[in-house]
**Student:** 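The structure is given below, and queries will be raised subsequently.
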Amino acid sequence: MSKRPIRSIKGTQDILPDQSFRWQALESIIRDTMDKYNYHEIRTPAFENTALFLHSVGEETDIVSKEMYSWEDQGGENLTLKPELTAPVARSFIQNNLGGLNPINKLYYIDSLFRRERPQKGRYRQFHQFGIEAFGSEFPEIDVEVIALAMSTFKNLELNGLTLELNSIGSKDCRDNFRKAIKEYLKPNFDKLSETSQTRFNKNPLRILDTKSPDEKRLLKDGPKISDYWTSDDKNHFNEVCELLDKINIKFELSPNLVRGLDYYTRTTFEVTSNLLGAQNAICGGGRYDGLVEQLGGKPTPGIGFAAGMERLLLADQRNFEPTKSQIYIVGLGDSVRSLIVNLAEELRKNNFRTNFDVLRRSIKSQMRDANKLDAQYVIIIGEEELSKNIATIKDLSSGDQKEIPFESILNHIKSLPLK
RNA sequence: GUGGGUGUAGCUCAGCUGGUUAGAGCACCUGGUUGUGGCCCAGGAGGCCGUGGGUUCAAGUCCCAUCACUCACCCCA
């Protein structure tokens, strides 16, 4: 017998009834919005082959190199709890030949992710994201639809203080040329670069743009810009995205150094931040990944999507939620009425009244207090007296008025009440 | 992985420079009404003062270690 009770794992949390109704409200807004844009839900397994993430997210990203929950199972397979969802959805898209069934596939998910990071405000080891992936179109209209869907969801959540940042990191050719250029430019100063930037120099030079070091920022200021390496198609694509966003009144800021962390992104990248959070202020990140499906062994298929952190959305959500209250509370007194009360409660519930009764065999005073605490609107009292006269006493808790109702017409009487 | 902050009742916290049986508010239970809630009043239950060690006549209080939580760095949703 151990003395210490077992605790939940660091960075995981229980969502208790005092919060779960907020999650339900959030999920229902997400699903309603997805419906309007005609996106359909996809659910993928909690774990995948580790190789899926190595080959898509990128071996040199932080997610893959130090944050994945990976293990070898009893059959010798290398498995990983999913740390992000674009790769699993792309895997499913290929495996189920969704591209062959429809030229365009618009998918959404609400799911748990796992990353072994040090927890802090807005960051947990098991966390939740909702997001979408749209496969099949390379045109700016879908970029804009994806961004509009994200912003529309946040608007429906009545979030304030949001900023949308936008950039294009170009197509594959552009990235290849830019990669060469920035390496060329930084080479003479390689020794002055930070350790992480030196690693990135070799493995993923684009990410050096992400640097926080003031020295390196100054150095990069006069260096090559991604936009200088856009192909004319890249440039037209990005301009059209910007114009369409203007047209539908979505405000954005251009952010030339916004390089999404994962390897598979191409062209459009965007991020939404909130000024109501702490250091972890990104509530949504996304972008285009035109090479991903092919890279994972599928037919060449353009794609774009985003993921939004639900814990962070709830932190930024200032609305006051009211959990659902009870409507009817049945107070029972004495052994002889118990079966009657169970029966009546069931009948009321079948008629869609939110009904409660005491299951602790408590005194009338306790039951009344309980009814009050649960914010019940009406109390039905049935004791020996009522039983002998075949009536029930019905009390309006807000006014305190009460009246006697013949037993057989209780349901009709309840139906006639102004219940909220 | 690195750094800061915090651990006292279910919750929020008080406990002065070490000094008797460790406190408050809220929440909970019972009663004030032999069958009537809220407000009020009276009472009650509930604490290895995170854990281990040390200093001391004496530790919730000082020192060390450790664990947990939390914020931040890194990175990300």
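Everything numeric in this text was worked out from a predicted model, so none of it was measured. Residue numbers begin at 1 in each chain, while the letters A, B, ... track the order of the sequences.
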**Student:** Is the base of B:rC76 touched by the side chain of A:Arg312 through a donor-acceptor pair closer than 3.5 angstrom?
**Tutor:** yes
**Student:** When the C1' atoms of B:rC62 and B:rU55 are considered, how many whole Å apart are they?
**Tutor:** 8 Å
**Student:** Look at the side-chain N and O atoms of A:Arg200 and state whether any lies under 4.0 Å from the OP1 or OP2 oxygen of B:rC75.
**Tutor:** yes
**Student:** Should A:Ser274 and A:Ile283 count as side-chain neighbours, where that means a heavy-atom distance under 4.5 Å?
**Tutor:** yes
**Student:** Distance between the P atoms of B:rG54 and B:rG60, in whole angstroms?
**Tutor:** 15 Å
**Student:** Return all side-chain donor-acceptor pairs below 3.5 angstrom for residues 8-16 of chain A, not counting sequence neighbours, or 'none' if the list is empty.
**Tutor:**
unit_1  : atom_1 : unit_2 : atom_2 : d
A:Thr12 : OG1    : A:Ile9 : N      : 3.4
A:Thr12 : OG1    : A:Ile9 : O      : 2.6

**Student:** Mind checking if A:Tyr124 touches a base, just sugar-phosphate, or nothing, with heavy atoms under 4.0 Å?
**Tutor:** base
**Student:** Out of the candidates A:Ile169, A:Leu258, A:Ile182, only one should pair with A:Ile226 under the side-chain contact (heavy atoms from CB on, under 4.5 Å) rule; please name it.
**Tutor:** A:Ile169
**Student:** Taking the six-membered ring of A:Phe201, is NZ or CZ of A:Lys183 closer than 6.0 Å to its centre and within 45° of its axis?
**Tutor:** yes
**Student:** Which one of A:Phe135, A:Phe93, A:Tyr264 satisfies the side-chain contact (heavy atoms from CB on, under 4.5 Å) criterion with A:Leu292?
**Tutor:** A:Tyr264
**Student:** Taking atom P in both B:rG52 and B:rU8, what distance in whole Å separates the two?
**Tutor:** 16 Å
**Student:** What contact category does A:Ala371 fall into here, base, sugar-phosphate, or nothing, at under 4.0 angstrom with non-hydrogen atoms?
**Tutor:** nothing
**Student:** Can you tell me, in whole Å, how much space there is between the P of B:rG38 and that of B:rC29?
**Tutor:** 11 Å
**Student:** At under 4.0 Å between heavy atoms, how does the protein contact nucleotides 32-41 of chain B? Give one character per nucleotide, 5' to 3', with B, S or -.
**Tutor:** B--BBBB---
**Student:** Taking the C1' atom in each of B:rU6 and B:rU12, what is the distance between them to the nearest angstrom?
**Tutor:** 14 Å
**Student:** Starting at the 5' end of RNA chain B, write a dot or bracket for each base, bracketing those in Watson-Crick or G-U wobble pairs whose two distances are under 3.5 Å and using | for partners on another strand.
**Tutor:** (((((((..((((.....[...)))).(((((.......))))).....(((((..]....))))))))))))....
**Student:** With sequence neighbours left out, what residues match A:Arg116 under side-chain hydrogen bond (donor to acceptor under 3.5 Å, both in side chains)?
**Tutor:** none
**Student:** Identify all pairs in which a protein N or O lies below 3.5 Å from an N or O of nucleotides 2-11 of chain B, and state each distance.
**Tutor:**
unit_1 : atom_1 : unit_2   : atom_2 : d
B:rU2  : O4     : A:Arg118 : NH1    : 2.7

**Student:** Heavy atoms under 4.0 Å, any strand shown: does A:Arg7 hit a base, just sugar-phosphate, or nothing?
**Tutor:** sugar-phosphate
**Student:** If we take the C1' atom in both B:rU20 and B:rG7, what is their distance in whole Å?
**Tutor:** 26 Å
**Student:** Given the P atoms of B:rG37 and B:rU51, what is the spacing between them in whole Å?
**Tutor:** 42 Å
**Student:** NA contact type, A:Gly334, heavy-atom cut-off 4.0 Å: base, sugar-phosphate, or nothing?
**Tutor:** nothing
**Student:** So which one's nearest nucleotide on RNA chain B is more toward 5', A:Ile283 or A:Gly11?
**Tutor:** A:Gly11
**Student:** Heavy-atom nearest nucleotide on RNA chain B for A:Arg125 versus A:Arg116: which residue maps closer to 5'?
**Tutor:** A:Arg116
**Student:** Residues in side-chain contact (heavy atoms from CB on, under 4.5 Å) with A:Glu138, at least two apart?
**Tutor:** A:Arg288, A:Pro302
**Student:** Taking only the C1' atom of each, what is the distance from B:rG1 to B:rC75 in whole angstrom?
**Tutor:** 12 Å
**Student:** Using a 4.0 Å heavy-atom cut-off, does A:Thr61 contact any base of the nucleic acid, only the sugar-phosphate backbone, or nothing at all?
**Tutor:** nothing
**Student:** Base, sugar-phosphate, or nothing for A:Glu117, non-hydrogen atoms under 4.0 angstrom?
**Tutor:** base
**Student:** A:Gln120 side chain N/O closer than 4.0 Å to the phosphate oxygens (OP1, OP2) of B:rU70?
**Tutor:** no
